[in-house]
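The analysis underlying the following values was restricted to heavy atoms, covering all of them including side chains, and did not include hydrogens, waters or symmetry mates. Predicted model, so just to flag it, every value in this text is computed and none were measured.
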Amino acid sequence: MALPPDPVSVADACARGLSFEGQFAIETLPRTSALVAAAVADSAGGDAVETDIAASIVFVPARAPATAALNVEVRGQIGLLCQRCLELMPVMLDQRSEFLMTSTATSDEALAESGQSGERWDHDVDDLALAELVDEVIVLSLPMVVRHSDIADCGPLANRGSEGENKNNQQTETQTPFAGLAALMKQREDS
């Protein structure tokens with residue numbers, strides 16, 4: 001089924017076992033679009049990266065003793081900054097997340113007895129914005145440090161840092177910026 005207008009009733013979607021699939025425009029994903037916009041603004045160069053985000057969202061009805069579940073799959077790519085060379089690079093998205101739809105009143109023991117696996121998601125509010133859900137899954141799936149897998153793929157800034165480190169390592173002289181401070185303070189007191 002195509003993506004519905006937001007928000008979706010979680011209770012209704014779970015009861016009916018609805019599933020949705022479609023493309024998300026980057027502008028509808030506030031956290032992801034902010035990351036991409038910052039990357040483009042701060043980039044030191046590199047080719048533009050085409051942004052393409054597709055998602056599949058499946059609501060799984062509850063069957064005793066199991067609770068309702070929500071399966072989210074996000075695929076595509078976005079452009080982020082490589083932290084070594086500060087150039088734009090494509091980051092592939094291929095994330096599958098499973099959530100157990102619970103309320104705050106559901107105990108952990110009850111979930112353990114159900115035998116289900118997945119991340120617990122307490123939802124006491126019935127409305128769910130699918131774009132916010134997809135946005136959250138994307139942000140949580142991104143690597144902690146975005147960088148090219150091989151330094152050879154990085155731009156020229158990546159090599160500048162390693163050369164500078166080698167030059168600094170060759171200097172064994174210790175710098176002490178406050179070494180003369182005591183003498184200056186004593187001289188000031190005397191005058």
Check your understanding: If only atom types and distance count, is the side chain of Asp127 paired as donor or acceptor with the main-chain N or O of Pro7 below 3.5 Å?
Key -> no

Exercise for review: Find out whether Thr51 and Phe24 are in side-chain contact, i.e. whether some heavy atom of one side chain is under 4.5 Å from a heavy atom of the other.
Suggested key: no

Check your understanding: Does the side chain of Leu70 come within less than 4.5 Å of Leu133's, by heavy atoms?
Key -> yes

Practice item. Determine whether Glu189 and Gln187 make a side-chain contact, defined as any pair of heavy atoms from C-beta on separated by less than 4.5 Å. Key: no

Practice item. May I have the step-by-step check of side-chain contact (heavy atoms from CB on, under 4.5 Å) for Val134 and Ile57, ending in yes or no? Key: CA-CA 9 Å; Val134 169; Ile57 302 164; 4.0 Å; yes

Practice item. Compare every heavy atom of Val10 with every heavy atom of Met101, then report the nearest pair and how far apart it is. Key: CE-CG1, 3.4 Å

Practice item. Can you see which heavy atom on Val91 is nearest to which on Pro143, and at what distance? Key: CG1-CD, 4.4 Å

Review point. Would Val146 and Met89 satisfy side-chain contact (heavy atoms from CB on, under 4.5 Å), going step by step from the backbone distance to the final call?
Key: CA-CA 9 Å; Val146 177; Met89 63 171 276; 3.9 Å; yes

Check your understanding: Measuring from Ile138:CD1 to Thr32:OG1, what's the distance to the nearest 0.5 Å?
Key -> 4.0 Å

Review point. Considering all heavy atoms of both residues, which atom of Gly118 and which atom of Leu100 are nearest to each other, and what is their separation?
Key: O-CD1, 4.0 Å

Practice item. Flag the pair Ser56 / Val58 as yes when at least one side-chain heavy-atom distance between them is below 4.5 Å, and no otherwise. Key: yes

Point to revise | Val60-Leu130 co-clustered via ILVMFWY side chain contacts under 4.5 Å | key: no

Practice item. For Cys154 and Arg84, work out which heavy atoms get closest and say how close. Key: SG-NE, 3.6 Å

Review point. Taking atom CG of Asp12 and atom CG of Leu18, what is their separation to the nearest 0.5 Å?
Key: 6.0 Å

**Study point:** Partner residues of Gln77 under the side-chain hydrogen bond (donor to acceptor under 3.5 Å, both in side chains) criterion, sequence neighbours left out
**Key:** none

Review point. Which pair of heavy atoms, one from Ala62 and one from Ala68, lies closest together, and at what distance?
Key: CB-N, 3.4 Å

Review point. Is Ser141 close to Arg96 at the side-chain level, that is, under 4.5 Å between some pair of heavy atoms?
Key: no

Revision key, fill the gap. d(Asp52 CG, Gln23 CD) to nearest 0.5 Å is 5.0 Å

Exercise for review: Give a yes or no on this: more than 12 heavy atoms of other residues, nucleotides or ligands lie within 6.0 Å of atom CZ of Arg16.
Suggested key: no

Practice item. State, with a plain yes or no, whether a side-chain heavy atom of Phe59 is found less than 4.5 Å away from one of Leu128. Key: yes

Practice item. Would you indicate whether the side-chain heavy atoms of Ser97 and Glu119 approach each other to under 4.5 Å? Key: no

Practice item. Test side-chain contact (heavy atoms from CB on, under 4.5 Å) on Asp135 and Thr28 and set out the steps. Key: CA-CA 9 Å; Asp135 198 21; Thr28 63; over 6 Å; no

Point to revise | Backbone of Leu29 reached by a side-chain donor or acceptor of Ser33 within 3.5 Å | key: yes

**Study point:** Distance (rounded to the nearest 0.5 Å) between His148 NE2 and Cys82 SG
**Key:** 5.0 Å

Review point. Tell me, do Leu88 and Leu80 make a side-chain contact under 4.5 Å, heavy atoms counted?
Key: no

Check your understanding: Can you list the steps and then say if Ile53 with Leu93 is a side-chain contact (heavy atoms from CB on, under 4.5 Å)?
Key -> CA-CA 8 Å; Ile53 299 171; Leu93 303 171; 4.2 Å; yes

Check your understanding: Can Arg31 and Glu132 be counted as an ion pair, charged N to O under 4.0 angstrom?
Key -> no

